[in-house]
Structure formats: structure tokens, C-alpha cells
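What follows is one structure encoded as C-alpha cells, with my remarks underneath.
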Amino acid sequence: MPELAQVVVDVPTMQTNQPYTYQIPPTLEKQIQVGVRVIVPFGNGRRTVQGFVVGINQETKYEGKLKPIQAIMDLQPVISSELMELSKWLADSTYSFWISCLYTMLPNLLKAKTTRIIRIIDEVDEHVAFDIFHGKDELEMTDVQDNPTILSELLKLQKAGKIAIEYQVEDRAHAKTVTGIHPQLNFEQLEDERISLHSNAHAQNRLISYLQSLNGQTVKFKEAQRITGLKPATFNQGQKKGWLEKVPIEVYRQPLDMQGTPDDQHLAAPLTLNADQEAAVNKINHAIDDHASQVFLLQGVTGSGKTEVYLQSIANALRQGKTALMLVPEISLTPQIVNRVRRRFGSKVAVLHSSLSNGERYDEWRRIERGEAQVVVGARSAIFAPLKNIGLIVLDEEHESSYKQDESPRYHAREVAKWRGKYNHAPVVLGSATPSLESRARAVKNVYHLLRLPHRVNQQILPPINIVDMRDEVKKHGESNFSQVLLGELADRLQKGEQSILMLNRRGFSSFMMCRDCGAVLKCPNCDISLTLHMDTRTMKCHYCGHEEPIPHECPNCHSRQIRYYGTGTEKVEQELHQLLPGARIIRMDVDTTRRKGMHAKLLRQFGHHQADILLGTQMIAKGLDFPNVTLVGVLNADTGLGLPDFRASERTFDLLSQVSGRTGRANKQGKVIIQTYNPDHYAIQDAKEHNYEKFFKQEMMLRRQAGYPPYYYTVRLMASHPEEAKAAGAMAKIYEQLKNGLSSSTIILGPTPRAIARMKRRYYYQIVIKYKKDPYLHQLLFDILQNTQSRGFKDVQVSIDQDPQYFM
DNA sequence: AGCACGCCGACT
DNA sequence: GTCGGCGTGCTC
């Protein structure tokens, strides 16, 4: 019996979400392995697609004739056996396609581009040759596919055999190369060449000496020019005379911020640990040494030196000959933290940012895959880094919601980390000053091992927090984003030459246009939400679909000219600040000023060098920053997130206030925090003021218990969308019937209801939230529901399932 | 996804 | 009669 390949093809639909069996042609027999990418014929016609070999065996249930694999794209598997296992688990636990999970684990460049090319194979008339093919003999399908007239014409020609459609699967993954030069002659031969030189050919003479000094090595052309000072023309002469040859040298793309990485001779030494840190490191190191897949929850107040604990534990994993993975939320993946890891571990470190180009990302991935990097630092998707023999996984700021991917596959990096920890028999460290309720509850139940760092390393007390009641403030001093107290403190810092950080909480908050006469709010034509004013581009933008339109001068509803904008953006605050404190130098950080590559780092560097007095920003400045000269943190509007219809609203507010408070008093100077709010008595704000996580945890747990939310219940969210509201609602109603009949009696079904943002990108959304403690039928039932989605009655309906959603909106 | 097959109304 | 609209089903 011949070996057969089981292939998962790149056709992400429910019906094709399974391996297909292919013959292995004799020429590929030796190269085919599980985890390589292949090109296979799929469907009628000459269509070819990319796929992954997920198994090699002799089994097939398929009765028809098996097709052969057309080509193999990798010499080595790009999916290891660990990641293969993981991909199956991921698809199952997130209700997503296997193929999507495989791609999620790889750099984008490994997703092949498929193109359809239309080629003339027989005489066609002039109209076709010039008007459609523009005189050429081939055409890309993408150029014509949305022109029905041309398309039908081409279809006829295809039937007549005049043109043919060819499929090309193109691998986009290419190693970057630079030109290198390689001596073609040995020392003596070069010496002979020297003799035949003209006496004034000094440059060529020097080139010969240089080539001799290379001893047969290949060097980069640029490098050779730099060292010899010779012109490219001289080298070209040498090439013509056969002394040297130009060859491509494979190099890794160097991200901007990688340049200037310390060399491995001058790495930073570990810092001295305090007793708490040492106890934590010891526990973690024991687990590493014992190959124990224990989960630790490292709960340490801001400034308590969690990072040092991570670094020393990572160092221990490396000493054991193992690798380590450290995850950081994208928002705090700042140069500060990356540089700290690089200074400690030098060239062993690979970094996976979202701001890397596809090529850079591919190169970092290959460095890891080849074992050249043993420490990986990155955001969410770095959890799939192709490290082998993992000894430790760290998730910093484990409570961050950005660890959950909000599109399919909707995985949580924390859960993947635990899976890989188990597979590799390695501990997982979850670190946070404000752990998620889920994690902390597990620590209480001893599922996780709790490690605490209750003190700041510099013995600084946590900064005192003042709450300013903005209701009084507005009564006494009128509308302003700045209370008298905050202004006074800011002026005081300016005078002392100290720095301040101001945070504008943008959650659930933005500048919108409203008509003062009829009250109409300018809304997105595609989505059900108001448009946000962007002064920099002078446009109104939709934050959901990207729709953009000019700022209106009159109300589109009643044509009144009394249309004004409301709300507060960072720009408006900056303007107000310039008026109130004319001398202050301000750096504004928000999505608009940091969109350009490298701007984030640049602005922080400027602030670090004290080129500004005030750093004004959104949530992105709340985490991870460490500036010793900052002695004041102000939160302009603490409570805008509290009103959101989301059971985690209080937790997020508490986290945010705690995190941002930690940005001050980090060095020797005492810091201070001022929080402005319209809800001064809310427990999330009061507990943050007291730096009292325990109190907040107890209170919030009680409320979650009463309302039946996580961590007391698991939740799943189902969503259905359709361009017509009734169709979306109807689909959800059908799903509701299936659920009601199939689930156990203790399970609670909420809905169906329209989503808080009921319309987005021209589609209407309906949702159901299921709350359950234990339901043996649920998992299978949800898969059945997805399967039923294929039937009539669900035409054009998109259904998605989100296990443990982060947001209910 | 992409394509063929097949069943209905509108035209050469 | 046939062309082409879209609903349905299949891809190893």
C-alpha cells in the first residue's frame, strides 16, 4: 500500500474544514513530511490551492480517484509536531477552521498568494486583443473580475478554447539577499594576474591584494568597498577578468530598532533581588528544573520589580539549555522593555512586534525556527513562536484584554500559553499588579500558585491618590477639562522642572457632532455609531469601518447651522492646556500621532530626554512606562468606561487607574496622582485610590456571583449578522431554538438581542450569550449549530462563536 | 472560495 | 428554441 498525504486546504469554509487525501508522486516521496506546505489541485478545472500536510498514512475513506500533490513548498516542516497538535486543539476550542489556525501560527508571508491568469491560446479578434488584453497575451483575473460584461465575454472565449485560465500559487516568502563577492582565483593565480597589470593600475593592484587577504571567503560587496575604499567599477573590472564572482548572501532584515543591539560581550548584569523577588524566582526556577507545568500568578504592585523576576527566571531556563517565551501586551511592547531584555540576553533575543514589516517578521520567525534565538519577546501572536524545548512562558500584564484575539480564531494567549506549558512540561508565569478576576480566583482555589511582590523595589510608597469631584468643580468654576487642583499641581511641576503624565480615558468616549437645534448626531452611513471628529485630517471618521467624510457645516437633518462638536479628544485638551499653561511643552500621544512607524518610540524618547514637560495621551501611556522624573499623574476623566454595558467595566476602570498611578514615583522622588471623576464614590475608583486590590477583588467577586458572571460562570457569545435586520434576527431565533432544546437546565441563555452596536459595516448583528458552569452537550451542540448554518434559511448569514468573550458589546 | 450543474424567465 | 440569472452541492 502506498503512503498517502492528508492535506488541509486553504479554503476556509465549514464544508472543507477537514483533511483531503492525496497521492504522493514518487519524485516527492522523500521530501513530503507532516507540517510542510504543498500545492494541490482542488475542485474542477485547473484550480490549485495551498495546503498543509497534516498526516501521512495509508488511510482514506474517499471512494473516488485520488489526485496527486502537485508541488511541495518547504524543504523542512513549517509546522512542528507540537504546533500541529496545538492547531487542532485551537480549532476545536475556538470553533474555527483548522486552516485559519495553521495560518495564525505562521508569519503572513507563508500564506501563498493565488492568482488566476487568463491567457490567449488561439486567435482572438481585434476588439478582444486590444480592448481587453491591451495588446498583451495574458491578463490577471483581478483586473476584470468585477466587470460582468468582460467576464461573460471571456467565459465564451474560454468555452470556444480561445483562452485558458491558469492558476498560480505563488510563495511570497523570500529570504532577503545582498550582493557578496567571492574570489575565483587562489593566491598564486592572483599573483600571476598582478604581474600582467599595467604599472599605473593602482586600484586593481589593491583589489588583488584584498582578494588574496580574503583567503577564499565570501564577503558582502558593501563591506568590501568600505574596507578597501575602492570604487564599484574596480570590482566590476575584477569580475570581468575572472578574479571574483558576485554571489547573493542571505541576510536577515534588520528592524530599525534592532540596530545598536548590544554585542554579547557587554550584556547587563542581573539586578540584586529583594527577599520577595528572590522567593518568587526560586519557586519558578524549581518548577523549571523539575519540568513542572505549574501555572504561577505573580501579583506585584507597580514598580515591584516583576520584570527582574521574569528575566532571572528566563536566565535559568537558558542555563538549563531551554528556551523562553515572554509575552507583553502590544500597547506596552515599548522600546523600554524590549531594550531591557536585549541588554540582558543580547543576540539570543527575537522580538515580534505588530509594527514589523512582513519581511522582518518572517526573518525573526526563521531565526527562532532555526534555533538562533532562544528568547522570544512579543505580543499576542508570539505565543505561537516556533521555539523548541520551551522551559518557561511569561505573560506580563496577564489581565490585558488584548491577549484575546477579536477575530477568528478567537483565542486567548493565556490559554495557549497554558497548553504549551503543559506540552513542554514548563511553568507558565502570569504577572500583573491587578490580575484578572478569573486568574486570581484560580489562585484562591490553588489551581494557580500565587506569588506576591507587595513592596516596590526602591522602598517608595505607592503614590498618594487624590480624587477630584468634577461635579463640584463644574459648579464652581464652569466647564473645563482641568480642575483647579490639577492645574495647580501641573504648574508646580513646571516650576520645579519635573514632568507630568496626563491621561485622557477614551473608552466609550469621543468627539461627535450634534445639532443644537434638532439634537441629531452625525452617524456613520454603514454602522450604527456616531462619527468621531479628527482635527488633524479635518474629517469625521467611523472607528469601526473606517468611513470618512468632511466636517459638516449644517445639520444633515434640519439644515440648521447650529451644528457643533461635543466631547473631548486629546487635541482639544492639548489646546486647552496650551491656553492654561502657556509655557508648558506638551507631547501628545494617541492613535493619530503614533500611527507612523517608529513614532511611538520617538515620542517616548523625547519625553525621556525631558524635551517636554507634559505627556498627554490615551490608554496607551498607562502601561509599562518608567520615567524617573515623572512626579505627577493626572487622569482627566476616570469614569467614562464605567457606564458601558459590560460586566467588566468596573474591573477595567480599576485596572486602568492602578496602572496609570504606577507611572509616578518610580525613582527617588515622591509621586502624586490626581483623578478627576464624576463618580467619586464608585468602589472601583475608591479602591484604586487606596491601592486596595484585595478589597476590590472581594467586592467585584460578590457582584459577579450575584449576577452570574465569570469567574463563577463560563460564557459563550454567538453572533449572527446579515445586511437585513430581519434575516439576522431570524437566524438567531432559529439558533435559540436549537440551544434551548439541547442544553442542560442549569445553563442560562441571554437573548437573542441586537448588539449594542446593532449595525456595523452595513450588516445587522444579533447575539446570544450563554452562561454555564458545566454543560457536557454545549461544545458539540455549538459545532452542530455552525454546521446547520450551511443550510438554506441561513443564506448570507454570518455566524460566529466567541468562547469566553472579553466584551459583550 | 470557486466552479459546475440544473432549473426558471426573457430574449434572438 | 437558447442565453444567462441564481440556488445548490461538491471539492481528495
Side-chain angles (χ1 to χ4, degrees), chain A residues 1-25 28-29 32 34 36-73 91 96-104 111-118 139-161 163-170 407-409 722-724 727 730-731 786-800:
Chain A
M1 282 272 274
E3 292 283 334
L4 300 170
Q6 311 298 337
V7 177
V8 172
V9 292
D10 183 9
V11 184
T13 65
M14 206 61 211
Q15 304 118 60
T16 51
N17 187 30
Q18 45 152 10
Y20 286 84
T21 311
Y22 285 85
Q23 292 172 38
I24 304 173
L28 299 179
E29 238 167 45
I32 289 279
V34 172
V36 296
R37 293 175 302 151
V38 288
I39 297 171
V40 292
F42 193 71
N44 302 326
R46 285 154 295 277
R47 187 183 181 201
T48 53
V49 295
Q50 182 175 271
F52 290 84
V53 176
V54 298
I56 295 173
N57 51 39
Q58 284 139 13
E59 295 159 27
T60 183
K61 281 187 198 130
Y62 188 62
E63 306 277 318
K65 187 162 163 31
L66 298 181
K67 292 181 183 175
I69 288 177
Q70 193 178 85
I72 177 164
M73 300 178 79
S96 47
F97 306 126
W98 195 353
I99 188 71
S100 312
C101 294
L102 289 164
Y103 279 130
T104 297
K111 183 171 168 103
K113 205 176 99 190
T114 51
T115 42
R116 280 179 293 164
I117 289 170
I118 308 161
L139 185 70
E140 276 204 17
M141 184 63 113
T142 43
D143 298 337
V144 292
Q145 66 187 359
D146 14 64
N147 187 328
T149 330
I150 294 186
L151 213 57
S152 67
E153 204 164 346
L154 290 174
L155 221 64
K156 260 183 236 160
L157 287 167
Q158 191 192 6
K159 278 208 179 113
I163 61 169
I165 299 179
E166 290 171 13
Y167 294 79
Q168 280 185 6
V169 179
E170 184 197 342
E407 57 187 53
S408 177
H722 192 278
E724 292 168 49
K727 294 268 174 64
L786 273 187
Q787 196 65 252
N788 289 340
T789 296
Q790 300 311 124
S791 66
R792 72 239 114 225
F794 282 90
K795 191 174 143 41
D796 296 330
V797 177
Q798 285 173 11
V799 176
S800 69

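Chain letters run A, B, ... following the sequence lines, proteins first, then strands; residues in each count from 1.
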Requested in this report: Using distance alone, with no hydrogens and no angle criterion, decide if A:Gln50 and A:Tyr103 have a side-chain donor and acceptor under 3.5 Å apart.
Outcome: yes
Report task. Return the value, rounded to whole Å, for the distance between atom CD1 of A:Ile39 and atom P of C:dT11. Result -> 22 Å
Query raised in the report: Quick one: A:Leu4 CG to C:dC12 C1', roughly how many Å, whole number?
Result: 10 Å
Query raised in the report: Within the distance-only criterion (no hydrogens, no angle test), does the side chain of A:Tyr20 pair as donor or acceptor with the backbone N or O of A:Val40 below 3.5 angstrom?
Result: no
Query raised in the report: Distance from A:Lys67 atom NZ to A:Gln23 atom CD, nearest 0.5 Å?
Result: 11.0 Å
Query - C:dT11 OP1/OP2 closer than 4.0 Å to side-chain N/O of A:Tyr20 - result: no
**Report entry** Nucleic acid contacts of residues 48-61 of chain A, taken as heavy-atom distances under 4.0 Å to DNA chain C
**Finding:** none
Query raised in the report: If you measure from CE on A:Met14 to OG1 on A:Thr789, what distance do you get to the nearest 0.5 Å?
Result: 8.0 Å
Query - Side-chain donor/acceptor of A:Gln6 to backbone N/O of A:Glu59, under 3.5 Å - result: yes
Requested in this report: Flag the pair A:Glu140 / A:Arg116 as yes when at least one side-chain heavy-atom distance between them is below 4.5 Å, and no otherwise.
Outcome: no
Requested in this report: Answer with base, sugar-phosphate or nothing: what part of the nucleic acid does A:Pro41 contact at a heavy-atom distance below 4.0 Å?
Outcome: sugar-phosphate
Requested in this report: For A:Ser408, enumerate each residue passing the side chain to side chain contact (heavy atoms under 4.5 Å, CB included) test, keeping only those at least two apart in sequence or located in another chain.
Outcome: A:Ser96
Query raised in the report: Could you give the CD-to-P distance, from A:Gln23 to C:dC12, as a whole number of Å?
Result: 12 Å
Query raised in the report: What salt bridge (charged side-chain N to carboxylate O under 4.0 Å, His left out) pairs are there with at least one residue in residues 5-19 of chain A, not counting sequence neighbours?
Result: A:Asp10-A:Lys111
Query raised in the report: Under 5.5 Å between ring centres and under 30° between planes: true for A:Phe42 and the base of C:dT11?
Result: yes
Requested in this report: Sugar-phosphate atoms are those with a prime plus P, OP1 and OP2; base atoms are the rest. Using that split, label each nucleotide of nucleotides 2-10 of chain C B, S or - for protein heavy atoms under 4.0 Å, 5' to 3'.
Outcome: --S--S--B
Report task. Kindly indicate whether the side chain of A:Ile117, heavy atoms from C-beta on, has any atom under 4.5 Å from the side chain of A:Gln168. Result -> yes
Query raised in the report: Which residues pass the salt bridge (Lys or Arg N to Asp or Glu O under 4.0 Å) test with A:Glu63, sequence neighbours left out?
Result: none
Requested in this report: Say whether, by atom type as modelled, one donor and one acceptor occur between the side chain of A:Asn57 and the main chain of A:Glu3 under 3.5 angstrom.
Outcome: no
**Report entry** First and last nucleotide of DNA chain B, 5' to 3', lying under 4.0 Å from heavy atoms of chain A
**Finding:** B:dA1 to B:dA4
